[in-house]
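One structure below.
Quantities reported herein were computed from a predicted structural model and do not represent experimental measurements. Chain letters run A, B, ... following the sequence lines, proteins first, then strands; residues in each count from 1.
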Number of protein chains: 2
Amino acid sequence: MSTAARTAANPAKPAGKRIRRTAEEARRLILDAAEKRLAQQGPEGLRLQDIARDIGISHPAILHHFESREGLVRALIARANTQLRDTMLTALGGGHASSDATDHIGHVFEALSDRGTARLLSWLLLTGRATENSTTHNIMGEIVDALQLRRAEYAEKAGKPTPDKEDTLFMAMLTANAAFGEAIVGRQLAEAVGLDQDGIKRFRNWFAKLLNEHWDGGK
Amino acid sequence: MSTAARTAANPAKPAGKRIRRTAEEARRLILDAAEKRLAQQGPEGLRLQDIARDIGISHPAILHHFESREGLVRALIARANTQLRDTMLTALGGGHASSDATDHIGHVFEALSDRGTARLLSWLLLTGRATENSTTHNIMGEIVDALQLRRAEYAEKAGKPTPDKEDTLFMAMLTANAAFGEAIVGRQLAEAVGLDQDGIKRFRNWFAKLLNEHWDGGK
DNA sequence: AATTATATTGACAACAATGTCAGTACCCGG
DNA sequence: CCGGGTACTGACATTGTTGTCAATATAATT
């Protein structure tokens, strides 16, 4: 059977049942699996065969839906981006006009931690795949605008002068940086200094409070 | 010449000069090249052949010095760790007993940005290669201790009560998180909101000031 | 029921990357 | 000048991964 001359003409397998999904459903399944692998195993765990095995399909099926591995990666990025954007904006815009930053901070951190979004995006940035993708522009811009709006409102009510916009921007940047950092090195750091789950919560609250004080008391 | 039967008995190349380094020198060269590639191209740019080509040697030479690719990676990690540790500690311990956090913050950010150390370590964490390596424990612990010491001193001079140690810890964690975050997403974020190099500097100063105020005014 | 469209598959091709090995050139100490 | 140790190399082996292709099964439509 070494050099058997059956290029492509053998019934061989009468074969059995085959699950057939809608294209959309299949894409979702694949993306979910890829996301999970990425979050758990890191960038090098993103192999078509593995993903395929995880959900019980063959790897060419993935190629069929995403053209190439690169296509899959791009789709992954796109989804993560829009998901993140939605989460953030609803978190910020969501009904409650509380001036308390605590909730916001919590939301931001969780949105990034959730499903390893931050890890995914970090990896994207580390591999330099970010230039093409201009969505970031909008996200960050929108968020800062929303924040500044709230802050201005709040300041007016309290009879204070509208705070500098750059100050608001810096608060947002710090939060973003910290959240990203935490998503990556957080666990390690916490473990290194002997912080448990509850300690991490305390840290987040501490940070929120720090921002809160600055929010009100801003020079 | 398709199936030429010359398994390993052909003079073929009289060959020319060959550079011969000391083992130590060679290792350093290789590590530098690897580091550079990692910082520029990200994790996927770490291919033996590429590194070898960069410094004009053959890839088995790398294998010769590091056993395997994994060996190279481990050496890379180890070096980055000790370098980081040294930089941080000298930065903190360095003569000037200034209570001004600005310098410290600057040092931390720069130590992590420098040569892509943060990117390297991030990648290490993303690929989950961190468990084995317990150096982090010491680094973070030492730093927090040093900080707390300074803070206690400073508080005593000012006649204030010694601040809570967890508070100091949280300041350190925030700084570390922010620095890591900035190293990864910083450039992108800054670009997204239209901050130039000078803006980034302003941001760091702003952050340092925030910490400074907290340092003195601690609840 | 027949037809069409396409999601899915197994086998294979092509390529890239690490790792192995025998041999070669350079340095150093006699 | 000679001999031993070892940094280094070219060619090859091996393995793993993406991508291609023809064939097949399944759902929807007519």
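Taking the charged nitrogens against the carboxylate oxygens, B:Arg74 and B:Glu70 do have a contact shorter than 4.0 Å, which makes a salt bridge. Salt-bridge annotation for A:Asp198 and A:Lys201: absent, with no side-chain N of the basic residue lying under 4.0 Å from a carboxylate O of the acidic one. Between B:Arg79 and B:Asp32 there is a salt bridge, since at least one side-chain N of the basic residue sits less than 4.0 Å from a carboxylate O of the acidic one. A salt bridge does not link A:Asp54 to A:Lys36: none of the charged side-chain nitrogens sits closer than 4.0 Å to a carboxylate oxygen.
Rounded to an integer number of Å, the gap from A:Ile51 CD1 to D:dT17 C1' is 12 Å. The distance from atom CD of A:Glu25 to atom P of C:dT6 is 17 Å, rounded to the nearest whole Å. Atom CD in B:Gln49 sits roughly 17 Å away from atom P in D:dC8 (whole-Å rounding). B:Leu63 has its CG atom 14 Å from the P atom of D:dG10, to the nearest Å. For the pair B:Lys17 NZ and C:dC27 P, the computed distance is 11 Å after rounding to whole Å. Distance, A:Ile57 CD1 to D:dA25 P: 18 Å, rounded to whole Å. To the nearest angstrom, C1' of D:dC8 lies 15 Å from CG of B:Leu48. Summarising the geometry, the separation between CD on A:Glu24 and P on D:dA27 is reported as 18 Å, rounded to the nearest angstrom.
Residue B:His65 places at least one side-chain N or O under 4.0 Å from the OP1 or OP2 atom of D:dC8. Proximity of A:Arg47 to the phosphate of D:dT17: a side-chain N or O atom is located under 4.0 Å from OP1 or OP2. Put simply, A:Arg69 has no side-chain N or O that comes within less than 4.0 Å of OP1 or OP2 on D:dG19.
Under the 30°/60° scheme for interplanar angles, the aromatic rings of A:Trp206 and B:Phe170 are found to be tilted.
Checking D:dA7, D:dT18, D:dG10 against every side-chain atom of B:Pro60, the shortest atom distance belongs to D:dG10. Comparing C:dG10, D:dC8, C:dA7 by their nearest atom to the side chain of A:Ala23 picks out C:dA7. For A:Arg20, counting side-chain heavy atoms from C-beta on, the closest listed nucleotide (D:dT17, D:dA7, D:dA27) is D:dA27. Closest contact between the side chain of B:Ser58 and the listed nucleotides C:dG19, D:dC8, D:dT26 involves D:dC8. Proximity note for B:His64 (side chain, C-beta onward) versus C:dT18, D:dC8, D:dT26: the nearest is D:dC8.
At a threshold of 4.0 angstrom between heavy atoms, the contacts of A:Ser68 are confined to the sugar-phosphate backbone, with no base atom among them. Nucleic acid contact class of B:Ile62 (heavy atoms, under 4.0 Å, all strands): none.
DNA chain D is contacted by both B:Ala26 and A:Glu67; B:Ala26 maps to the nucleotide lying nearer its 5′ end (nearest heavy atom per residue).
Put simply, the side chain of B:Arg18 and the base of C:dC26 share no donor and acceptor less than 3.5 Å apart.
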